[in-house]
Amino acid sequence: MEPILNVKNLTMKFGGLTALDSIDISIKQGEIAALIGPNGAGKTTFFNCITSIYEPTEGNIQITPPGQPTESLNGLKPNIVTEKGLARTFQNIRLFHGMTVLENVMIGRHCRLNSGILGAMLQPKSQQREEQKAVDDSYKILEKIGLDQYVNEMAINLPYGAQRRLEIARALATDPFLLLLDEPAAGMNPQETKELDDLIIWLRDNENVSILLIEHDMKLVMSLSDNIHVVDYGKKIAEGTADEIKNNPLVIKAYLGDDAEDA
Amino acid sequence: MITKNEIKQSFFLSIWTIILTFPLMVVKVNTIKNIVIFRWWNILYVAVGAFFASLAWNYFLRRKNEGKKTKDSIPVVHRLLQNHKFRLPFLATIGVIALIYPFVTPMYHTSIMISALVYVVLGLGLNIVVGLAGLLDLGYVFFYAIGAYAYALLNLHYGVSFWVVLPLSALLGALFGTLLGYPVLRLRGDYLAIVTLGFGEIIRIVLENWVDFSNGPRGIGNIPGPSSFGIELNQHQSVIYIYFIIITICLVTIFFVQRLENSRIGRAWIALRDDEIACQAMGIDKTKTKLTAFALGATWAGLAGVIFAAKTSYINPMSFTIWESITILCVVVIGGMGSAIGVIAGALVLILLPEYLRAVAEYRMLVFGALQVIVMVFKPEGLIEAVRKTYKYEKNKE
Ligand SMILES: Nc1ncnc2c1ncn2[C@@H]1O[C@H](COP(=O)(O)OP(=O)(O)OP(=O)(O)O)[C@@H](O)[C@H]1O
Ligand SMILES: [Mg+2]
């Protein structure tokens, strides 16, 4: 079967700095994949490139949504990429602070709704129905993610772990086939991390999404991932299952530095 | 209560103020007799004033910081409006006051109220751009001028009536909003402010210099009031007539702006304001969202311009200077960014107050500035802060 995401030869240069150097990554339908690497390896840059926040210097990004033909994402606007079914969260939480929790999720529904200016001003029956459906759908998503107790709170007032989950809820509201999670466990306590672990598996099994996550918590990565991609200094150095990665000398070197060999 | 440290601080501040204001408050040069007068007693006023102002400032700042620890509360007005028992009586009271106002007050007061209500419409319009979409627009007067000149010129040359131009001006506003939105799509924050400021000045300069088109600085006079369908109105009656027209337009504006704010588009505006990158990553078209904000903001300025021209019956480019843009911006910021009720309150306070306190009218901008600082320090959300709608979802829908 075609991979749902197929990235070939992706290169991103910032002036003299090559943040990504000819990266190839492909993700299969129904898979939980991880992208790991030391700080500054280029993981977030990879997300920014495939979601069109950055325009990559070189490379091909192709998607094959389940049951649909293959198409290229190169040169599309970020919102179109989201419409095509790639949704992401951010490493440094980027919620909409001036809105309630429910509205944050409703923003995720935005690209699946149609009402325009006149619809908003005149509010015909069709628009009211759509709006109510958006509210109900968003509420259901919050229930699934376990945030229903906060529905009408302002997003900024949520505890940290809940904010990270809200980012996932918001991304899920866009109806993606692939979820890109940038360090979803960062700053979470062990209990919250455990819940996140369950949530990610639940999402894959019940929401029909595949997942690519960036994470520094190796325990989480090893227990969750079907396939792990390792980058270092913008280059992909390894790919494989948890066991393969754990024992790969290149990966150990990247994480522990050159001293590891001498010791 | 007040600490020793605060008293000491206030004492030094008052000395510093004395030195600072010495040339202004104490020294007076009489250029006719060529003598210098020293008004020493002014030192006392300055010292005492600065001392107590500083004490009060510190006191309120401390109280505000202490109050912050308690749970943030919803503004009284919102609580009144949300409470079903008070909602109707509250709105009815305001309605009745608005209804009888022009009949129980002299014409002068009605006239001032009309100006204030024009600012309510302008404020609500700019609130879409600045308060909701977070696009700092300093050239809003552009669209106000478009509306006013559209009515003045169409009426002068073709005798088009007020009621035809009114909807037309709204369309013109939206059109120019979109046109001006295009070149500034990539700009944000300070850069956007500077460029829009330029646009605002361009319209004034064009109107001043394109004499064939706009009659230049001499302006256009004898603009008729709104046609009253054959009924003869004396001056007082026609003021009352305009009053009710602007009240109606205010209601229409509030109605639509409220609906927009809580719609798919309104949410997109706020998302754009809060985080541009996340907004795009969530599937919102940035270009479209910015342009609709500019267009829908400008629509109300176009309407307000027509009312303004009809009310004053004379317009010239000097009515559309940068100060006008800044006044409207003050209405939005001091009233409460993104808060329709706040903007209405802001317009009434900022426009009515200087009219009634004639003494400070000359220092209007100074007072605005001081108010701005006080509001920013003590109530950064504005007089009446924005409160988001709470939606009814399946679980609590009975
Ligand atoms: N917009 C940018 N302009 C210039 N350099 C950038 C930009 N974004 C990222 N970089 C650089 O690219 C490199 C990779 O950064 P990136 O954020 O992708 O790392 P990362 O793997 O996500 O690290 P971390 O684990 O700390 O999040 C870094 O050296 C960073 O400084
Ligand atoms: Mg990163």
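Naming: A, B, ... by sequence-line order, numbering from 1 per chain. Keep in mind that what you see is a predicted model, and the values were worked out from it rather than measured.
In this structure, the portion of Leu102(A) lying under 4.5 Å from any heavy atom of chain B is its side chain and not its backbone. Looking at Val151(A), the atoms closer than 4.5 Å to chain B (heavy atoms on both sides) all sit in the side chain, from C-beta outward. Neither the backbone nor the side chain of Asn104(A) comes within contact range of chain B; no heavy atoms are under 4.5 Å apart. Within the 4.5 angstrom heavy-atom criterion, only side-chain atoms of Ile53(A), from C-beta onward, approach chain B. Using a 4.5 Å cut-off between heavy atoms, Gln123(A) contacts chain B through both its backbone and its side chain. For chain B, the nearby part of Thr174(A) is the side chain; its heavy atoms alone come within less than 4.5 Å.
Counting heavy-atom pairs closer than 4.5 Å to chain B, the top residue among Ser52(A), Pro176(A), Ala87(A), Ser115(A) is Ser115(A). Comparing Thr82(A), Ile80(A), Val81(A) by heavy-atom pairs within less than 4.5 Å of chain B, the highest count is held by Thr82(A). Of the residues considered (Gly266(B), Ser263(B), Cys279(B), Gly283(B)), Gly283(B) shows the highest number of contacts with chain A, using heavy-atom pairs under 4.5 Å.
Look at Arg264(B) and Glu131(A) and you find no salt bridge, because none of the NZ, NE, NH1 or NH2 atoms lies under 4.0 Å from a carboxylate O.
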(request) Any chance you could lay out the side-chain hydrogen bond (donor to acceptor under 3.5 Å, both in side chains) test for Gln91(A) and Thr44(A), step after step, and finish with the verdict? (result) CA-CA 8 Å; Gln91(A) 179 173 356; Thr44(A) 300; 2.8 Å; yes
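Using bins of under 30°, 30° to 60° and over 60° for the plane-to-plane angle, the ring pair Trp300(B)/Phe256(B) lands in the parallel bin.
A donor atom on one side chain and an acceptor atom on the other are not found under 3.5 Å apart for Asn79(A) and Glu83(A). Inspection of the Thr100(A) and Asn152(A) side chains reveals no N or O donor paired with an N or O acceptor under 3.5 Å.
Taking the six-membered ring wherever Trp is involved, the centroid distance between the rings of Tyr391(B) and Tyr139(A) does not fall below 6.0 Å.
A cation-pi contact, defined as under 6.0 Å to the ring centre and within 45° of the axis, is absent between Arg164(A) and Phe90(A).
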